[in-house]
Amino acid sequence: MTPTRKKRLTVVLLILLGVSVAAAIAMTALQENLLYFLSPSEVAEQQMPTGRQFRLGGLVKEGSVNRATDSLKIRFRVTDGLKEVEIHYDDILPDLFREGQGIIAIGSLDNNRVFQADEVLAKHDEEYMAPEVADALQKAGHPRASKDSTSVAPSEYKP
Amino acid sequence: MNAFFSLLKRDLLLAVRSRAEALQPLFFLLVVVTLFPLGLGPGPALLAKIAVGVIWIAALLASTLSLDKLFRADFEDGSLEQFLTSGHSLSLLALAKIIAHWLSTGLPIVLFSPLLAIWLNLPHEALPVLVKSLLLGTPIFSLIGAIGAALTVGLRQGGQLLALLIFPLLIPVLILATGAVSAATDNLESSAYLLWMAAYAVLMLTLAPFACAASLRISLS
Amino acid sequence: MNPVMKFLHKTGSPAYFYWLSGRIIPWLWVVFAVLTTWGLYQAFFVAPSDYQQGESYRIIYIHVPAAWLSMMIYLMMAIFGAIGLIWRIRIAEILAISSAPIGAAFALIALITGAVWGKPTWGTYWVWDARLTSQLVLFFLYLGVMGLHSAIDEPRKAARAAAMLALVGVVNLPIIHYSVEWWNTLHQGTTIKIIGESKMPSSMLFPLLLMAVATKFYFGAALLSRARNRLLDQDRRRGWVAKSIREQRL
Amino acid sequence: MTNPPNKDPEKPACLRVESLVFERWFIPVFEPINFQIEAGETLLIRGANGSGKTTLLRLLAGFLEPSEGKIFLPGQALAWLGHKLGIKDALSVRENLQFLARLYNTQATEALITDTITQLGLMRVADQDAGSLSAGQKKRCAFGTLLFQPDAIWLLDEPYSSLDKQGMDIVDRLLKQHQQRNGITVLATHGVLAPAQLEVRELIIEGFQDDYYAESLA
């Protein structure tokens, strides 16, 4: 085997080795679940210390929203179907915030276990539908919101 | 292989000989980071929020600053021509230069990052992850940056062009790293981000030397 | 010489390429014109309005094809560049560097239409949405390639350096795209995706495909025309150019 | 010195160039070049400035790719000495030579380095930084490249430039030794400076004449 061919072979082997090592590491990275936020039940499980900043995700509980009349203050509860957390927030809410909507709040727990949020992010869905199709679905009893691609049904939680 | 080590030793010797010049990127990093509290106000809450982004962007700028010199000296004094005709694989020699660059620029940045974290009031539980992310990220700066440096080595104003060429390519590292550190500040698992960075680093470690060698041949033609 | 090499070599000869492309370009323009008029008609008069955004969503019929094309062109540029680098075929180098400005233009179109669309839906011209952001990065990649090409004097060397950068860029493009996607879900939860892989009824989808195909023909025609000019400029002292002028076959 | 056995069999033991053309800005630099050198021969390339002497050497060294034509190189290594010397100003003469020796796989023993330094007449400045040397001294230091690659093909671009009498004698001695070792040398000079009493073959290069490009290369 001439030296040039031997050199070329080592190059190919090196590249194969490097790429497979990179792929292996990427595979292990995929196993790690990428938690964007903690659910109310996880907050309870981990007894999150007060004052530690973290992201809380969940569905705004129907009927739990009450807004102060004189200021932006708002209090609502967020649930993941098992546990609930009271959230206090004093800023402009995202335009799509409403009951039943999934949200992520960034903030920390105060000493009476109420979550003081600094930021609230609402999640959108991304379906496109002609108006008549949307109405048909509505009538057929599939409220569009529930098909929210990032719904937070407990089953989805990986510990 | 002994050519590889002798080139590595030579470059480190040159870096030590011109210490002031070699530490310039580090001073640049310290100065740029101190500009932010002066510019945006010293409010600890604000600083903590932007700490990660500031440290990482400053590290990226500092590395890029020193990349322009990576091959320029060897190009101008003819050493590059000797490398090409030495019969050794140019990518191996390029790798030696890249490692030398990382040791003289990337490593100091990693070692000084805790100081930066303190200056910018980064939550202390995020510090280990910051150092780990820099440990993985700065080699990627050197690897990808070396390709840009090799492509622009013969040009008059290579410096700015080099930045324009490699910044878009460094976006994934910036995103992964800032993701990891902010996850750590938000008390979330950051190992996934670091693993992704490690995978990216290994991929670049494999491909960049060859691309760099090919780019040097183009620049020398 | 195996057939592939023979084909590459044949189209590699400037005179043959010049003649062949000269014949193809008119047809490309014709098909482009037909498809575009049909597509735009479908897009603005036939497709229904969207239940949420009413009429403003129609801009996707320009935004989406432009975005898709700008990514495809980068890939083509990298492939041409690779052929040019490996087999040193000048025509491939010319095709690679000629496609850069077209790709940059379409990336810019995608950005502008994205911004124009953002106004009615979000009330601001720029939203750091995942697709818009990776579109912006793609635009910077194009600027890098064109910047490097113009910074080097000697044409052949400039083309090869630009081709190498395009190759490095194309390897990183998917990584950039996914990291930007990720970055977006990290900081904003999932926002409305402008380009809907989401479920679009066929009445809305058909014009989109029409326009997508139409823009490909535009790319073909524009690329060949630019390549011809560059080739003519490079070979202006060569015999075949004189022959073509004498026989008015330019 | 015949080729070492494990070299690629199809490469002949001589350096041959067939109808070599190199285009810069799509215009050939010189008229097509043909020549063949056997082991032990020295080729002297003469030509006015800008006739393409350096371009031809860079083509042989592999820095440039021929636009047309072919270069057949025997298997062994190439030693290159261009206008830019490959010497680091921040390193001393000794350190430069140590690095060059290791780069070309020779054992950089103390004895070899000191012997090379004496051969090149640089004993007095051996431990001085190369930056502080004169152009001639720096050029001599660069000859280490050749001394450390005795059985390579020597490609020298204006080896005599900026050398004093003693320096030129060193070059002549090196070229003679290389020839006696059956090594191949290709060197370019412009006119006046040429190797003394060395039997040399000459190649005159003219820059590309025909400003209107011939039909043949259509």
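Chain naming here is simple, since letters A, B, ... match the order of the sequence lines and numbering starts at 1 in each.
Contacts from residues 201-221 of chain B to chain A, taken as heavy-atom pairs separated by less than 4.5 Å, involve V202(B), L203(B), T206(B), L207(B), F210(B) in sequence order.
Enclosure of atom CZ in F112(B) is not indicated, since only 12 or fewer non-hydrogen atoms of other residues, nucleotides or ligands lie within 6.0 angstrom. Atom CZ of R8(A) has 12 or fewer heavy atoms from other residues, nucleotides or ligands within 6.0 Å.
Put simply, CD1 on I25(A) and CE on M197(B) are 12.0 Å apart, with the number rounded to the nearest 0.5 Å. Note that CG of L92(B) is 10.0 Å distant from NZ of K7(A), once rounded to the nearest 0.5 Å.
T28(A) is not listed as a side-chain neighbour of W196(B), based on a closest heavy-atom distance of 4.5 Å or more.
Proximity to chain A is limited to the backbone of A184(B), based on heavy atoms less than 4.5 angstrom apart. Neither the backbone nor the side chain of S190(B) comes within contact range of chain A; no heavy atom of the residue lies under 4.5 Å from a heavy atom of that chain.
For the pair A192(B) and A29(A), the tightest heavy-atom approach, listed with the atom from each and the gap, is O-CB, 4.0 Å.
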